[in-house]
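Inspection log for the structure reproduced underneath, given as structure tokens.
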There are 2 protein chains.
Amino acid sequence: MPTSERTIGRLSVYRRLLRQAAAEGHENVYSHELGKRAGATACQVRRDLMGLGCAGSPSRGYKVQALLERIDLFLDAPDVEPVALVGVGNLGRAILSFFQRRRPKLEITAAFDSDPWKVDRVVQGVRCHALADAERVVREQGITLAVLTVPAGAAQEVADMLVAAGIKGILNFAPAPLRVPLGVFVEDMDLAMSLEKVAYFARRRGGGSRKGGK
Amino acid sequence: MPTSERTIGRLSVYRRLLRQAAAEGHENVYSHELGKRAGATACQVRRDLMGLGCAGSPSRGYKVQALLERIDLFLDAPDVEPVALVGVGNLGRAILSFFQRRRPKLEITAAFDSDPWKVDRVVQGVRCHALADAERVVREQGITLAVLTVPAGAAQEVADMLVAAGIKGILNFAPAPLRVPLGVFVEDMDLAMSLEKVAYFARRRGGGSRKGGK
DNA sequence: GTTAAGCTGTGATAGGTTTCACAATGTGAT
DNA sequence: ATCACATTGTGAAACCTATCACAGCTTAAC
């Protein structure tokens, strides 16, 4: 199972593109087609799919439906996974509305904020709880994933609480690296850092857009 | 200049942490301290700084101020760089408010949306223009960077327009890989993909939190 | 002054990811 | 049937990136 972090990310992208292709009526795709859509080389696509145990035919390429099934099986948990949103500010609400467009296997089921004015309000169909109740609610609902959109200053403290409550994965939007114990996975979405990266490379590199700049 | 994409990202993080350290009154830092805060090894920190030509002393470590100056010089453009925000939906507004807290060298100066109701309104101190005027405004203001927060279906079309207007770097929040010509840098912030990644690794890996899980 | 300790700077090394290159294979035309 | 062609599957090579390990300093203590 050659399943590096990079590969998992690409599989997720492939899946989205394959769903799109299926909706457009395609029954088969070639590695180079998928690669072009995903911004990857044909070679890389084949390797990634090989790791999943997918087989294609030299003449027809890969079957879209078969790929989708395999990727679903590989990426998704058997049941729907509930997700907690912690921090119902502007960004939190935006993410809430972003994710509530039917993501089948991942669903934000509880929100938390320290602002008493927000507590018990329902935002985008999700009930907002007091941050102080987070540990209890997370435990009760068996939530293992969290999206963290609190101010940087509070991030570590909140993360510690979430981990204590049994959270195993955090998507962290706070511009502060989190320290978490082994066994908890953190993915940082650092907007400021990313924009600075864009600024740097936009100024420099005459190339390097996406891998296959063409 | 061993300035890979990864390294640039870390430098941006170091800078933020160093500013924080400076504000706390620290005058010197050791590589392992900075590493711990940034979620990197001491070794990596030293390498990254070496690439910048920074020197530290074996007994005092690195001077915080000296590092900050060098990183600023390296990462920042000489002048303030204006940034365009395209797509003033929930996410766009959240990002607007997020960035308008004094980012010295990168400032969102123009927003664009196709919704006539939003045009000419001022959001977070930024004027919203009609999307149709984007090419002209971008050109007039000499903007080279854009944050893209439009629906996936419109992303490619809008990106093409921005590139035609002279944009050299795009921070893309649309869940769709963009095709851009060589010389234009795209950084994807794919929320759905990242959350799926978190879900996958939270379920699997008993380890792998941050590099140095400890 | 000498010794011990702890950190930096960096060549060498290990580890991981992507690309290359090509044999194997299935398809359609002749 | 046979041939030409486009694609898959994959060992090997190239390329990065991160880590190790240690020489060289600088300071503090005795």
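Keep in mind the model is a prediction, meaning the values are calculated, not measured. Just so we're on the same page: letters track the sequence lines, and every chain starts at 1. Excluded from the calculations below are hydrogen atoms, water molecules and symmetry mates; all remaining heavy atoms, backbone and side chain alike, are included.
- Looking at the side chain of Arg60(A), the nearest of the listed nucleotides dT19(C), dT26(D), dT27(C) is dT27(C).
- Arg37(A) and Glu33(A) are not joined by a salt bridge, as no carboxylate oxygen comes within less than 4.0 angstrom of a charged side-chain nitrogen.
- Judged by distance alone, with hydrogens and angles left aside, Arg47(A) brings no side-chain donor or acceptor close enough to the base of dT17(C) to form a pair under 3.5 Å.
- The residues Arg203(A) and Glu81(B) are annotated as salt-bridged, a charged nitrogen and a carboxylate oxygen being separated by less than 4.0 angstrom.
- Look at Arg46(A) and you'll find a side-chain N or O under 4.0 angstrom from OP1 or OP2 of dT8(D).
- Put simply, CD1 on Ile8(B) is 11 Å from P on dT17(D), counting in whole angstrom units.
- Between the CG atom of Leu67(A) and the C1' atom of dT8(D) there is a distance of 13 Å, rounded to whole Å.
- Checking the phosphate oxygens (OP1, OP2) of dG26(C), no side-chain nitrogen or oxygen of Ser59(A) falls inside 4.0 Å.
- The side chain of Ser31(A) lies closest to dT8(D), out of dT27(C), dT17(C), dT8(D).
- Relative to the side chain of Cys43(A), the nucleotides dT26(D), dT19(C), dT17(C) differ in distance, and dT19(C) lies closest.
- In this structure, Arg10(A) atom CZ and dT19(C) atom C1' are separated by 12 Å, rounded to whole Å.
- The distance between atom CG of Asp48(A) and atom P of dT8(D), rounded to the nearest whole Å, is 14 Å.
- Spacing between atom CG of Asn28(B) and atom C1' of dG6(C) amounts to 15 Å, rounded to whole angstrom units.
- The side chain of Thr41(B) contributes an N or O atom lying less than 4.0 Å from OP1 or OP2 of dT19(D).
- In the set dG11(C), dC7(C), dT25(C), the nucleotide with an atom closest to the side chain of Pro58(A) is dT25(C).
- Residue contacts shown for Ala42(A) are absent, as no nucleic acid heavy atom lies under 4.0 Å away.
- By the neighbour-count criterion of 12 heavy atoms within 6.0 Å, atom CD of Glu27(A) is sparsely surrounded, having that number or fewer from other residues, nucleotides or ligands.
- At whole-Å resolution of the value, CD in Gln44(A) and P in dT18(C) are 4 Å apart.
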**OP:** Could you please spell out the steps behind the side-chain contact (heavy atoms from CB on, under 4.5 Å) verdict for Glu5(A) and Phe201(B)?
**Re:** CA-CA 8 Å; Glu5(A) 202 167 322; Phe201(B) 286 112; 3.7 Å; yes
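- Under 4.0 angstrom from either OP1 or OP2 of dT26(D) there lies no side-chain N or O belonging to Ser57(B).
- Leu52(A) places its CG atom 12 Å from the P atom of dG9(D), with the value rounded to the nearest Å.
- A salt bridge links Asp48(B) to Arg10(B): at least one charged side-chain nitrogen sits closer than 4.0 Å to a carboxylate oxygen.
- Side-chain atoms of Tyr30(B) lie closest to dT8(C) of the nucleotides dT8(C), dT17(C), dT19(D).
- Per the geometry, CG belonging to Leu11(A) stands 13 Å off P belonging to dT17(C), to the nearest Å.
- Judged by atom type and distance alone, Arg6(B) does not reach the base of dG16(C) through any side-chain donor-acceptor pair under 3.5 Å.
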